[in-house]
Amino acid sequence: MNRYIKNLNQDTHIRKGKKMESNSYDDPNTIEGCSVPVRANRKSKPDPTVVNIGGIRVGSSEVVVIAGPCSVENHEQLMETAKAVKSGGGVILRGGAFKPRSSPYNFQGLGEEGLKLLFEARKETGLPIVTEVMDTRLVELVAEYADILQIGSRNMQNYPLLKEVGMLRKPVLLKRGMMASIEEFLLAAEYILNQGNEQVILCERGIRTFETSTRNTLDLSAVPMLKHVSHLPVIVDPSHGTGHRWMVPPMAKAAVAAGADGLIMEVHYKPEEALCDGQQSLSPDEFSRLMVDLKKIAQAVGRDIYQHE
Ligand code: PEP
Ligand code: MN
């Protein structure tokens, strides 16, 4: 077959991964068969980007752990979970107020009430907040409460939303779309960078494959690849990446070993009562135990876990 193709004067080298439309392979912004857009490209900025959230530096030698419930449910749930996250060693609190649920009949989040509770938890614990924004009309509101705005997987290619958060000067946590290639992921980041917002954190959260035993297939090879081709910090979500509580610790450890700059994990003070994603949420005890192990893994790869003094 190869000889046949050679006789036709065609290249027999088959590249893994197809490039996007107009960029040619000798494009100066192309690295190893994956076309990397210019602002996200390490070639245009050799130093790694460090996103600073009130002194917590994502993209430095220390691994940053973000944890909290899938969604904000009520005052007690959020405060108790936030305290558990803090005492276990998490340094940023996650929690969804506007939830992108696959079914319209499932709990959609508390909306602005949820943002207010997050703000209160921040005041109580001192932990900065990351929460999702799903709608361009709500960017301003969410930005008033959040320290980091999350763009969820389902919105990774919502270009008006990417442009809107690109106009902010606040950190953005961009989750990989469940069907997005590395190239498409970086192009989505480029939309934000292109508007002048340079504080972008990339998050690998699993992609959809033929596998059904896990919720998604956590693509940990995306971590070294993204860090190789881009200067942006990369974190991993082993909760949505696997869908199983018992798989979160091994995959969190593997993510740190693979070079992730941080983790975002679901923790709930009573996972069995969670309104959303309880099956993949760690209990406070499980979270604390994992944090002890993560420290050893981080140190084994020449890093550490970021801790408040
Ligand atoms: C989340 O982190 O709350 C979430 C909905 O995740 P994803 O967008 O990755 O599905
Ligand atoms: Mn969730």
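Atoms within a ligand are numbered from 1 in the order they appear, just like the ligands themselves. Positions are given from 1 along the sequence.
Under a 4.0 Å N-O distance rule, the pair Arg122/Asp147 qualifies as a salt bridge. A salt bridge is absent between Lys116 and Glu113: the closest approach of a Lys/Arg side-chain nitrogen to an acidic carboxylate oxygen does not fall below 4.0 angstrom. Using a 4.0 Å cut-off between charged side-chain N and carboxylate O, Arg57 and Asp261 make no salt bridge.
Remark: ligand 1 atoms within the under-4.0 Å shell around heavy atoms of Arg205 are 7 (P), 9 (O), 10 (O). Within the listing of ligand 1, atoms 8 (O) sit less than 4.0 angstrom from a heavy atom of Gly152.
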(request) With side-chain contact (heavy atoms from CB on, under 4.5 Å) as the test, would you mind laying out the steps for Val38 and Glu190 before giving the verdict? (result) CA-CA 8 Å; Val38 71; Glu190 191 80 359; 3.4 Å; yes

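Protein N, O or S atom count below 2.8 Å of the Mn ion (ligand 2): the structure gives 4.
Scanning both residues, Arg94 and Pro69, for their nearest heavy atoms gives NE-O, 3.1 Å. Of all heavy-atom pairs between Gly259 and Arg303, the closest is O-NH1, 3.1 Å. The heavy-atom pair separating Ser153 from Lys175 by the smallest distance is N-CB, 3.8 Å.
At least one heavy atom of Arg94 sits less than 4.0 Å from an atom of ligand 1. Within the 4.0 Å heavy-atom cutoff, Met178 does not count among the residues contacting ligand 1.
Considering backbone and side-chain atoms alike, Lys99 places an N or O below 3.5 Å from some N or O of ligand 1. Between Ser153 and ligand 1, a contact under 3.5 Å exists for at least one N or O pair. For the pair Glu266 and ligand 1, the shortest N or O to N or O distance does not fall below 3.5 Å.
Glu112 is linked by a salt bridge (Lys or Arg N to Asp or Glu O under 4.0 Å) to nothing, counting only residues two or more places apart in sequence or in another chain.
One option in Lys175, Glu132, Met134, Arg176 has a heavy atom closer to atom 2 (O) of ligand 1 than any other, and that option is Lys175.
Atom 4 (C) of ligand 1 has as its closest protein heavy atom His240 NE2, 3.6 Å.
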